[in-house]
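Scroll down for the structure; my scribbles are underneath it.
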Amino acid sequence: EMQLVESGGGLVQAGGSLRLACGASGLTFEDYAIGWFRQAPGKEREGVSCITRDGDTMYADSVKGRFTISKYDAKFVVYLQMNSLKPEDTGIYYCAALRGEVAPDGPLPLSYQYHNWGQGIQVTVSS
């Protein structure tokens, strides 16, 4: 059974940094793109970033230049390094797995395209 588990969330002041990790098990890691989403209170879930099977990276405009996604295939982990955090980055962050190819020059995949989800982890940025 596939499992995704997020870690690394917490409370940080504006301007600070956090690194989220998404640990995966029960899947052939190289067959999947991994994405990060977030959901703020009262708002819809939005895509933040995605790393394709080949390691190409994609970002929402709101986080470009501040967030970096990377993966460590040998340990089945995807990281989301978040720098220069803002209060509007607050929310529950989810990682998700999408089996298949993602065009790195296209839009971020939408939530319905992902097959498996983690349970989510809280990130709170105070002003």
Side-chain angles (χ1 to χ4, degrees):
E1 180 184 354
M2 183 187 298
Q3 276 197 318
L4 301 172
V5 180
E6 300 92 343
S7 61
L11 172 65
V12 65
Q13 287 189 329
S17 299
L18 283 174
R19 187 177 77 162
L20 303 183
C22 174
S25 61
L27 75 162
T28 305
F29 201 58
E30 56 264 29
D31 289 345
Y32 288 81
I34 303 294
W36 284 96
F37 287 77
R38 66 186 180 190
Q39 188 165 20
K43 294 189 176 181
E44 291 188 358
R45 190 173 298 188
E46 63 172 348
V48 173
S49 184
C50 176
I51 188 163
T52 70
R53 299 186 307 181
D54 297 329
D56 295 309
T57 58
M58 306 161 72
Y59 299 95
D61 288 343
S62 58
V63 306
K64 277 180 183 175
R66 300 189 298 122
F67 290 11
T68 303
I69 190 170
S70 60
K71 64 175 181 170
Y72 190 172
D73 285 343
K75 291 193 173 183
F76 307 106
V77 177
V78 171
Y79 298 102
L80 185 69
Q81 177 67 44
M82 305 186 296
N83 298 329
S84 302
L85 282 161
K86 305 175 181 180
E88 52 263 43
D89 294 318
T90 294
I92 299 175
Y93 282 69
Y94 301 87
C95 67
L98 185 163
R99 183 167 185 174
E101 294 198 16
V102 173
D105 55 350
L108 280 170
L110 300 176
S111 57
Y112 76 87
Q113 295 176 269
Y114 287 84
H115 303 96
N116 297 85
W117 291 80
Q119 80 286 354
I121 194 162
Q122 180 69 43
V123 170
T124 303
V125 184
S126 63
S127 56

Side-chain heavy atoms of [X] within contact of [Y], under 4.5 Å:
X	Y	result
Gln119	Glu6	yes
Leu27	Phe76	no
Ile92	Phe37	no
Met2	Tyr32	yes
Val102	Gln113	no
Ser62	Arg38	yes
Phe29	Val78	yes

Inter-residue atom distance [X].[atom1] - [Y].[atom2], 0.5 Å rounding:
X	Y	atom1	atom2	value
Ser111	Glu46	OG	CD	11.5 Å
Thr68	Arg19	OG1	CZ	11.5 Å
His115	Leu4	NE2	CG	12.5 Å
Ile34	Tyr114	CD1	OH	8.0 Å

Test log, rule side chain to side chain contact (heavy atoms under 4.5 Å, CB included), inputs Leu108 and Tyr59
CA-CA 7 Å; Leu108 280 170; Tyr59 299 95; 6.0 Å; no
Nearest atoms (heavy-atom pairs only) where [X] meets [Y]:
X	Y	answer
Ile69	Ile51	CD1-N, 3.6 Å
Ser126	Leu11	CB-CD1, 4.3 Å
Asn83	Ser17	OD1-OG, 2.9 Å
Ser127	Ala14	CA-CB, 4.3 Å
Ala21	Val77	CB-CG1, 4.2 Å
Met82	Val123	CE-CG2, 4.0 Å

Under a 4.0 Å threshold between the charged nitrogen and the carboxylate oxygen, would Asp89 count as salt-bridged to Lys86?
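No, Lys86 and Asp89 are not salt-bridged.
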Under a 4.0 Å N-O cut-off, is there an ion pair linking Arg53 with Glu30?
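Salt bridge between Arg53 and Glu30, a charged N being under 4.0 Å from a carboxylate O: no.
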Qualifying salt bridge (charged side-chain N to carboxylate O under 4.0 Å, His left out) pairs with a residue from residues 67-76, counting only residues at least two apart or across chains:
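Sorted result for residues 67-76: Lys71-Asp73.
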Qualifying residues under ring-ring contact (aromatic ring centres under 6.0 Å, His included), relative to Tyr79, sequence neighbours excluded:
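Tyr79 satisfies ring-ring contact (aromatic ring centres under 6.0 Å, His included) with no residue once adjacent residues are dropped.
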So, Thr90 side chain and Val125 main chain: donor-acceptor pair closer than 3.5 Å or not?
yes
Taking Met58's backbone N and O only, do any of them form a donor-acceptor pair with Ser49's side chain (distance below 3.5 Å, no angle check)?
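A pair under 3.5 Å: yes.
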Parallel, tilted or perpendicular: ring planes of Phe67 versus Tyr93, cut at 30 and 60 degrees
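Phe67 and Tyr93: tilted rings.
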Would you find more than 12 non-hydrogen atoms of other residues, nucleotides or ligands less than 6.0 Å from Glu101 atom CD?
no
